[in-house]
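Some notes on the structure that comes next.
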Amino acid sequence: MYLCRSLRTALPVEVPVIETPQTSAASTPRAEPAPVDTQTPLRNALKLGGSLLVTYVIGFGLQVLVPRLLGPESFGQYNWATNTAAAFFILSALGLDVYIRKEVAVRKEHANEFFGGTLLLQAVLAVLLLGALLGVMHLRGAPPEVRALALLLGVYQFFFRLNAILAAVLHAHEKVDGLSVAHILMKCIWGFGLAALLLLRAPLPWLAAPFIAAELFKTVYLLRLTHQHAGLRLHLDLRATAATLLAALPFFLNDAALASNGPLDVFVLGAIANTTEVGYYGAVWGIAGMTMLLSPILGWVLLPMMSRAAASSQEEFTRILRRGLEGIVSLSVPVTLALALGAETWVRLLIGERYLPAAPVLRLLAPIFVFTYVATVCGSWLMAANRAWTVTRTTVLAVGLKLGLNLLLIGPFMQWRGLTGGASATATSLALYEIVVTAILVYAIGSRAWDARSLAVLGKTLGVCATVTAVHLLLGRLGLDERDLVRGLARMGVDGVLYVSLILLTGAVRKDEVLGLVRRVRNRRKPPSSAEQPPSGPPSSEVRAA
């Protein structure tokens with residue numbers, strides 16, 4: 001909600017401007033830059049956010065149900081097969097979804113030039129990757145059920161990557177109504193199907209069936225939507241395909257590095273440690289992942305909006321960046337603070353006593369997502385500013401650093417921390433990775449990333465967090481701790497009330513602006529009043545300023 005409030009400050013308004021008289025009747029008035037439409041992206045963000053909220057409820061329910069029913073060992077096998085397949089199929093993404101949001105947003109017909117060729121290339125890559133995946137499973141000596149599950153999940157990954165490209169075409173054309181419906185229907189097929197198989201105690205390979213069925217349905221649905229709204233068609237143009245792949249190379253390398261965060265970490269953890277460690281890590285990662293609700297929306301909405309702003313108004317381009325960073329920090333900080341302070345309570349409540357040894361891992365993971373959100377906004381801005389290679393170099397180098405840290409730390413942490421030492425090492429490596437990436441990207445943008453208002457909001461938010469943390473520790477000394485679920489929940493309730501009270505009292509979140517945004521969205525379909533109608537006279541009388 002606060003992100004939307006922050007973006008609201010960047011919405012275009014009517015501002016009368018008095019122009020200087022023309023020196024000659026024959027002179028042509030200077031063309032003013034087109035206004036940056038931020039109302040449509042805001043409405044699209046709300047639509048996509050609503051659909052994602054529904055799908056996250058289903059997905060989060062499964063994140064709780066799967067580890068509870070499978071237990072650490074079986075869940076570790078399931079999680080390792082899932083992430084191993086995802087790690088292999090990172091190579092099939094080709095960076096096209098990010099490229100489409102940037103380029104097709106301003107060149108609507110461009111997707112038809114390369115879609116057929118890239119689809120053919122993805123199909124060939126899928127066959128090769130499935131063969132490589134089978135070879136790795138054989139060399140590692142994976143059990144037959146884990147091997148079959150990983151291969152079937154590889155098929156799912158092919159359709160998942162294809163759907164990301166189709167969805168990007170719709171995002172670039174700002175046609176998201178049908179896409180929101182597709183998200184909900186697909187998640188229902190997956191969620192209810194997986195829940196049924198778990199309750200029936202189906203063998204591990206069967207758990208891939210709902211994934212494949214859901215993505216197949218979504219592929220058919222999105223092909224129809226892209227043909228209807230974007231005129232997308234299959235057309236093989238090898239020259240255009242090659243040019244697109246070359247232009248998308250920085251996006252591909254960056255996207256592959258980002259996508260490797262979870263899957264590659266889990267693959268290395270399972271290879272060095274064991275699948276039980278993977279089970280602990282995956283279970284608490286599922287809890288921490290609820291803080292990433294806005295991550296898809298940022299990629300879907302911000303990059304197209306920033307690309308249009310960069311081509312039209314540098315002032316608006318900077319404003320969107322600053323208000324976006326301000327909003328995303330204010331949204332993500334309280335959620336991650338709640339996860340960090342109440343790690344034992346969340347684990348006991350959501351996934352059960354068997355996973356309590358992994359509570360410190362959740363505490364390590366919780367702050368990561370603030371940095372992830374900030375890096376996402378900064379990366380989108382740099383890409384829209386045609387500095388994609390800055391983002392790519394940063395991410396690739398940081399992923400190399402993270403991989404090295406995993407290889408270096410997992411063994412010693414297992415000796416030091418015992419049962420969840422390997423998972424703690426993986427979480428620590430990920431935290432250091434996110435901090436390094438965020439610091440470099442903010443430095444690359446420089447002073448354009450903040451102003452006095454955003455620095456004030458950041459300072460107030462950090463002050464409130466420090467106060468809430470101190471009160472939380474004091475309550476623990478007074479006996480209101482996590483020794484049982486009821487006391488832990490009561491302690492979290494006090495933390496929440498205190499945080500909301502202080503954040504409103506300090507003005508870090510302005511209640512009047514939030515209410516104003518709600519009224520604006522609610523009344524967006526009402527016809528504008530006569531006072532708000534654009535002028536019908538010549539451009540010299542009044543111009544629209546963003």
Side-chain angles (χ1 to χ4, degrees), residues 85-134 151-176 178-179 182-183 185-186 189-190 208 211-256 258-259 263 296 299-300 303-304 388:
F88 271 77
F89 274 79
I90 288 170
L91 298 176
S92 71
L94 305 178
L96 292 175
D97 52 339
V98 181
Y99 174 82
I100 287 169
R101 291 188 189 101
K102 182 179 185 297
E103 297 298 333
V104 179
V106 293
R107 292 187 288 160
K108 301 297 186 184
E109 296 298 322
H110 180 44
N112 287 321
E113 299 173 4
F114 61 82
F115 178 71
T118 55
L119 178 59
L120 177 61
L121 177 59
Q122 284 184 298
V124 173
L125 279 174
V127 174
L128 297 176
L129 291 171
L130 286 173
L133 179 58
L134 180 61
L151 287 176
L152 290 171
L153 288 172
V155 175
Y156 149 76
Q157 284 291 331
F158 168 75
F159 289 104
F160 174 77
R161 302 290 176 182
L162 173 60
N163 288 336
I165 293 172
L166 295 173
V169 174
L170 293 172
H171 298 151
H173 284 77
E174 297 185 312
K175 302 291 185 181
V176 301
L179 185 57
H183 285 320
L185 293 177
M186 181 270 295
I189 294 171
W190 167 76
F211 289 88
I212 297 174
E215 292 299 333
L216 271 174
F217 162 79
K218 191 174 180 180
T219 298
V220 175
Y221 194 95
L222 293 187
L223 282 171
R224 176 179 171 273
L225 287 179
T226 51
H227 178 73
Q228 177 183 348
H229 295 303
L232 189 66
R233 61 186 183 274
L234 290 175
H235 174 67
L236 186 59
D237 186 333
L238 296 180
R239 180 175 297 180
T241 299
T244 296
L245 292 174
L246 182 61
L249 181 60
F251 305 119
F252 165 62
L253 295 175
N254 182 71
D255 194 42
L258 288 174
W300 297 342
L303 183 55

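Keep in mind that this is a model prediction, so the values were computed, not measured.
- Between Ala126 and Phe158 the shortest heavy-atom distance is CB-CD1, 3.7 Å.
- Within the model, atoms CG of Asp237 and OG1 of Thr118 stand 11.0 Å from one another, a figure rounded to the nearest 0.5 Å.
- The two atoms that bring Gly154 and Ala85 nearest to each other are N-CB, 3.9 Å, heavy atoms only.
- Distance check: Leu185 CG to Phe217 CZ gives 4.5 Å after rounding to the nearest 0.5 Å.
- Between the Asn163 side chain and the Leu222 main chain, no donor and acceptor come within less than 3.5 Å of each other.
- When all heavy atoms of Ala208 and Leu153 are compared, the closest pair comes out as CB-CD2, 4.0 Å.
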Query raised in the report: side-chain contact (heavy atoms from CB on, under 4.5 Å) between Tyr156 and Leu152: does it pass, once the steps are laid out?
Result: CA-CA 7 Å; Tyr156 149 76; Leu152 290 171; over 6 Å; no
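- Here the shortest heavy-atom pairing between Phe114 and Ala240 reads CB-O, 4.3 Å.
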**Report entry** Step-by-step side-chain contact (heavy atoms from CB on, under 4.5 Å) determination, Leu121 to Leu245
**Finding:** CA-CA 10 Å; Leu121 177 59; Leu245 292 174; 3.6 Å; yes
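- Within the model, atoms CG of Leu166 and CG of Leu225 stand 9.5 Å from one another, a figure rounded to the nearest 0.5 Å.
- Distance check: Gln157 CD to Phe89 CZ gives 7.5 Å after rounding to the nearest 0.5 Å.
- With values rounded to the nearest 0.5 angstrom, Leu94 atom CG is found 10.5 Å from Leu249 atom CG.
- When all heavy atoms are compared, the tightest approach of Leu129 to Ser92 is CD1-CB, 4.1 Å.
- Atom OG1 of residue Thr241 and atom CG of residue Leu120 lie 8.5 Å apart, to the nearest 0.5 angstrom.
- Counting all heavy atoms, side chain and backbone alike, Leu134 lies closest to Leu151 at CD1-CD1, 3.7 Å.
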